[in-house]
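First up is the structure itself, then whatever we jot down about it.
Sequence lines set the chain letters: A, B, ... in the order given, protein chains first and strands last, and positions in each chain run from 1. The basis for the numbers below is simple: all heavy atoms, side chains too, and nothing from hydrogens, waters or symmetry mates.
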Number of protein chains: 2
Amino acid sequence: MTGLVLEHRAPIARELYAVLRQRILTGALEPGTTISETSYAGQMGVSRTPVREVFRRLADEGLLEVRPQVGTYVAAISLTAVHDSQFVRETLECRTVRMAVERARPEDDAALRAHLERQRPAVLAGDYIAFFPADEALHVELIRMAGRAAIWSVIQDVKTQLDRVRYLSFESRDWLGKIFAEHERIVERVIARDADGAEAIMREHLRTVFTAIERLMASKPHFFAPSR
Amino acid sequence: MTGLVLEHRAPIARELYAVLRQRILTGALEPGTTISETSYAGQMGVSRTPVREVFRRLADEGLLEVRPQVGTYVAAISLTAVHDSQFVRETLECRTVRMAVERARPEDDAALRAHLERQRPAVLAGDYIAFFPADEALHVELIRMAGRAAIWSVIQDVKTQLDRVRYLSFESRDWLGKIFAEHERIVERVIARDADGAEAIMREHLRTVFTAIERLMASKPHFFAPSR
DNA sequence: ACAAGAATACTAGTATACAAGTCCAAGAGT
DNA sequence: ACTCTTGGACTTGTATACTAGTATTCTTGT
């Protein structure tokens with residue numbers, strides 16, 4: 001008994017997935033970019049097998065487009081997909097925030113306030129990297145309060161499309177402040193047990209992405225797939 | 001020029017996916033069943049590569065559980081996952097059916113009636129196989145009328161969990177008739193441009209799965225994952 | 001110069017070989 | 001009889017080799 005726990009090194013595919021996904025979301029790899037299994041495997045110093053597994057998964061998420069025997073490309077942004085993703089998120093989170101209000105207990109209020117305090121320093125520092133997980137944590141908390149924690153996986157799925165637009169559109173410097181102010185208003189309405197108010201602000205909050213979509217369409221129209 | 005179009009034979013993985021998915025949904029492979037990549041590949045007469053790809057996708061869908069270095073199993077039914085899937089579907093389709101009513105045009109009414117007529121013979125014959133696609137087609141039509149056709153992919157995703165319960169619970173002989181009657185009432189309310197009525201019946205319609213869940217829990221409790 | 005066709009250099013799909021972790025059971029030692 | 005150890009038979013993870021389809025480029029004939 002050495003007391004030493006040998007760590008399993010994480011599967012290569014898991015690491016590759018996180019890295020490539022982030023590169024696409026942040027725009028390091030722009031929509032339309034060609035990226036073959038062989039070349040990416042060589043670039044990352046691994047074999048095609050895990051790369052192929054990652055490509056398949058990202059294709060299912062709508063971030064890659066695989067054309068058999070031809071090539072793989074970073075998927076163009078589908079305006080329809082983005083709009084419908086926003087619709088799904090708004091529909092689900094507006095309903096769950098109502099439920100959160102109805103089920104809220106005193107200790108939940110404290111948890112919500114704690115989430116805000118975790119976000120505040122990131123906002124003041126203009127630190128997007130730190131803000132994103134704290135942002136998600138608040139939304140997860142509200143869903144948990146609603147008693148539907150498992151639907152976060154569905155929201156995460158559609159949120160992928162929205163996050164990519166957010167990243168690519170280069171939100172302005174005061175964006176963090178705006179988002180945070182809306183978070184404060186939502187939490188305030190929840191603590192006041194005002195379901196209508198909380199839902200209204202949540203709806204407004206989740207519709208701010210539309211301005212990002214419009215800005216991106218104006219500045220980078222070639223990122224979008226033809227609407228057909 | 002021969003006029004003969006050489007068909008690309010469909011990728012093996014695609015075929016494997018459809019077959020294995022159906023086997024799991026229908027219960028030919030019961031929850032908890034062990035199924036290794038090697039054995040299934042041998043059984044299907046293909047190599048591990050496409051089998052592995054299919055396993056990953058089904059694991060992402062929550063139909064398989066892959067334990068590294070140990071084995072792969074047909075996933076147990078998660079009561080939480082099923083309930084939250086129902087919640088997502090109800091939330092989305094209740095909202096879209098309202099929108100369908102608001103946007104409905106005369107030619108849409110005809111399309112809805114046509115879908116009912118397509119379902120009727122399957123109901124009279126007690127033909128589940130023929131009914132399922134006609135059932136889905138009606139729901140897709142309503143979503144299309146709402147102008148949100150793309151959210152069907154989200155609904156399909158959560159619907160997987162619900163369909164499995166439906167299959168495994170062995171719905172009674174008169175189930176088709178009940179479902180069809182609800183379809184008729186929904187279509188009738190849409191044609192009457194009664195958004196509240198249509199939404200109410202849709203909600204009732206999508207909650208019938210709860211009786212299937214209860215029946216399955218009573219008859220096959222070992223199909224379910226411990227709730228923790 | 002130009003158009004048609006053949007060689008070439010890619011691509012993803014599939015098969016196979018090897019590596020490493022896990023579980024179970026048989027057997028040795030006490 | 002019981003415990004511990006050790007070996008073997010699994011499992012999935014990864015690497016590599018081969019197949020077949022596609023697009024481009026270069027050659028060839030006019």
State whether the distance check finds a donor on one side and an acceptor on the other, under 3.5 Å, for side chain A:Arg67 versus base D:dG21. no
Pair of N/O donor and acceptor under 3.5 Å linking D:dT12 base with B:Gln69 side chain: yes
Picking from D:dT14, D:dT12, C:dA15, the nucleotide nearest the side-chain atoms of B:Pro50 would be C:dA15
Choosing from D:dT14, C:dT14, D:dT12, which nucleotide comes nearest the side chain of B:Pro11? C:dT14
Rounded to the nearest angstrom, tell me the gap between atom [atom1] in [X] and atom [atom2] in [N].
X	N	atom1	atom2	value
A:Arg48	C:dA15	CZ	P	13 Å
A:Ile12	C:dA19	CD1	C1'	11 Å
B:Glu53	C:dT16	CD	C1'	17 Å
B:Leu16	C:dG13	CG	C1'	12 Å
B:Glu37	D:dC10	CD	P	16 Å
A:Ile35	C:dC10	CD1	P	17 Å
B:Tyr40	D:dT12	OH	C1'	18 Å
B:Tyr73	D:dT11	OH	C1'	8 Å

Classify A:Ser36 by what it touches in the nucleic acid, base, sugar-phosphate, or nothing, heavy-atom distance under 4.0 Å.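 It contacts sugar-phosphate atoms only.
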For a quick check of understanding: with a heavy-atom distance under 4.0 Å over all strands, which category does A:Thr72 fall into, base, sugar-phosphate or nothing?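 It contacts sugar-phosphate atoms only.
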Looking only at heavy atoms, the pair that brings A:Met99 and A:Ala146 closest together is CE-O, 3.5 Å
Would you say A:Arg203 has more than 12 foreign heavy atoms packed within less than 6.0 Å of its CZ? yes
Without hydrogens or angle criteria, can the side chains of A:Thr49 and B:Arg52 be said to hold a donor-acceptor pair below 3.5 Å? no
Any side-chain donor near an acceptor of the partner, B:His183 and B:His115, under 3.5 Å: no
Please tell me which of A:Phe55 and A:Thr49 maps to the more 5' nucleotide of DNA chain C, matching each residue to the nucleotide holding its nearest heavy atom.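 It is A:Phe55 whose nearest nucleotide is closer to the 5' end.
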For A:Ser47 and D:dA15, is the shortest distance between a side-chain N/O and OP1 or OP2 below 4.0 Å?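 For A:Ser47, the contact criterion (side-chain N or O under 4.0 Å from OP1 or OP2 of D:dA15) is met.
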How about A:Val74 and A:Leu63: do any of their side-chain heavy atoms sit closer than 4.5 Å? no
Comparing nearest nucleotides in DNA chain D, the 5'-proximal residue of the pair A:Val70, A:Ala13 is A:Ala13
